[in-house]
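Right, one structure below, let's go through it.
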Amino acid sequence: MKPVQRYAVALPGAPGGHARVRTVIVHRTDRIGPASEPVFEDATGRFRFEVGGGVAHVLELPQEYGTVHPCLEAVPMP
(Lines give C-alpha, C1' and ligand atoms only; values in the text may rest on other atoms or scores of the structure.)
Protein backbone atom coordinates (compact mmCIF):
# COMPACT_ATOMS: atom_id res chain seq x y z
CA MET A 1 0.00 0.00 0.00
CA LYS A 2 1.27 3.48 -0.92
CA PRO A 3 1.91 5.85 1.99
CA VAL A 4 -0.60 8.68 2.41
CA GLN A 5 0.61 11.88 0.73
CA ARG A 6 -1.99 14.35 2.09
CA TYR A 7 -4.04 14.76 5.24
CA ALA A 8 -6.74 17.17 6.39
CA VAL A 9 -6.15 18.39 9.95
CA ALA A 10 -8.87 20.31 11.83
CA LEU A 11 -7.61 23.08 14.11
CA PRO A 12 -10.08 24.04 16.85
CA GLY A 13 -10.92 27.67 17.55
CA ALA A 14 -10.03 29.33 20.84
CA PRO A 15 -11.84 27.74 23.81
CA GLY A 16 -14.98 29.69 24.64
CA GLY A 17 -14.53 31.86 21.56
CA HIS A 18 -17.11 30.09 19.39
CA ALA A 19 -14.69 30.37 16.49
CA ARG A 20 -15.07 28.09 13.52
CA VAL A 21 -12.77 25.14 13.07
CA ARG A 22 -10.11 25.67 10.41
CA THR A 23 -9.16 22.71 8.23
CA VAL A 24 -5.62 22.67 6.88
CA ILE A 25 -4.48 20.36 4.07
CA VAL A 26 -0.92 19.18 4.65
CA HIS A 27 1.42 17.35 2.29
CA ARG A 28 4.10 14.77 3.07
CA THR A 29 7.67 16.09 3.21
CA ASP A 30 10.93 14.16 3.13
CA ARG A 31 11.51 14.87 6.85
CA ILE A 32 10.99 12.53 9.79
CA GLY A 33 9.73 13.88 13.14
CA PRO A 34 10.84 13.26 16.74
CA ALA A 35 8.72 10.08 17.01
CA SER A 36 10.19 8.72 13.73
CA GLU A 37 6.95 9.40 11.80
CA PRO A 38 6.71 11.41 8.57
CA VAL A 39 6.35 15.19 8.76
CA PHE A 40 3.56 16.94 6.84
CA GLU A 41 3.19 20.68 6.20
CA ASP A 42 0.86 23.02 4.36
CA ALA A 43 1.81 24.86 1.16
CA THR A 44 3.01 27.90 3.13
CA GLY A 45 5.15 25.92 5.60
CA ARG A 46 3.37 27.67 8.52
CA PHE A 47 1.56 24.52 9.68
CA ARG A 48 3.71 21.46 10.39
CA PHE A 49 2.65 18.13 11.91
CA GLU A 50 4.13 14.71 12.51
CA VAL A 51 1.44 12.21 11.49
CA GLY A 52 1.18 8.60 12.62
CA GLY A 53 -1.79 6.31 13.21
CA GLY A 54 -4.32 8.94 12.15
CA VAL A 55 -3.05 11.44 14.72
CA ALA A 56 -1.37 14.74 13.84
CA HIS A 57 1.13 15.86 16.47
CA VAL A 58 1.71 19.61 16.34
CA LEU A 59 5.27 20.60 15.45
CA GLU A 60 4.66 24.18 14.32
CA LEU A 61 1.65 26.52 14.11
CA PRO A 62 1.31 30.22 13.32
CA GLN A 63 1.58 32.35 16.44
CA GLU A 64 -2.09 33.45 16.29
CA TYR A 65 -3.18 29.90 17.21
CA GLY A 66 -1.51 30.06 20.60
CA THR A 67 -1.74 26.75 22.41
CA VAL A 68 -3.87 23.96 20.95
CA HIS A 69 -4.15 20.34 21.97
CA PRO A 70 -0.88 18.68 20.84
CA CYS A 71 -2.70 15.78 19.15
CA LEU A 72 -5.31 16.35 16.45
CA GLU A 73 -7.19 14.03 14.11
CA ALA A 74 -5.60 13.56 10.69
CA VAL A 75 -7.94 12.44 7.89
CA PRO A 76 -6.28 10.91 4.79
CA MET A 77 -7.03 12.78 1.55
CA PRO A 78 -6.98 11.34 -2.00
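Residues A8 and I25 approach most closely at CB-CD1, 3.7 Å, considering heavy atoms. The minimum heavy-atom distance linking E50 with S36 is given by the pair OE2-N, 3.3 Å.
Among the candidates D42, T23, V58, V26, the single residue satisfying the side-chain contact (heavy atoms from CB on, under 4.5 Å) test with V9 is V26. Screening T29, V51, I32 for a side-chain contact (heavy atoms from CB on, under 4.5 Å) involving V39 leaves a single residue, T29.
Under the 4.5 Å side-chain criterion, counting only non-hydrogen atoms from C-beta, T44 is not in contact with P62. No side-chain heavy atom of P76 sits less than 4.5 Å from a side-chain heavy atom of R6. In this structure, the side chains of F47 and L11 come closer than 4.5 Å at one or more pairs of heavy atoms.
Side-chain heavy atoms closer than 4.5 Å link hydrophobic residues (I, L, V, M, F, W, Y) into clusters, and following such links, even through other members, never connects L61 to V55. Linking Ile, Leu, Val, Met, Phe, Trp and Tyr whenever their side-chain heavy atoms come within less than 4.5 Å leaves L59 and V4 in two separate clusters.
Using modelled atom types, no side-chain atom of E73 and backbone atom of A56 make a donor-acceptor pair closer than 3.5 Å.
For F40 and Y7, the ring centers are positioned less than 6.0 Å apart.
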Derivation and outcome, side-chain contact (heavy atoms from CB on, under 4.5 Å), residues R48 and R31: CA-CA 11 Å; R48 190 170 298 131; R31 291 181 289 242; 3.7 Å; yes
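Note: F49 CZ to E41 CD = 11.0 Å, rounded to the nearest 0.5 Å.
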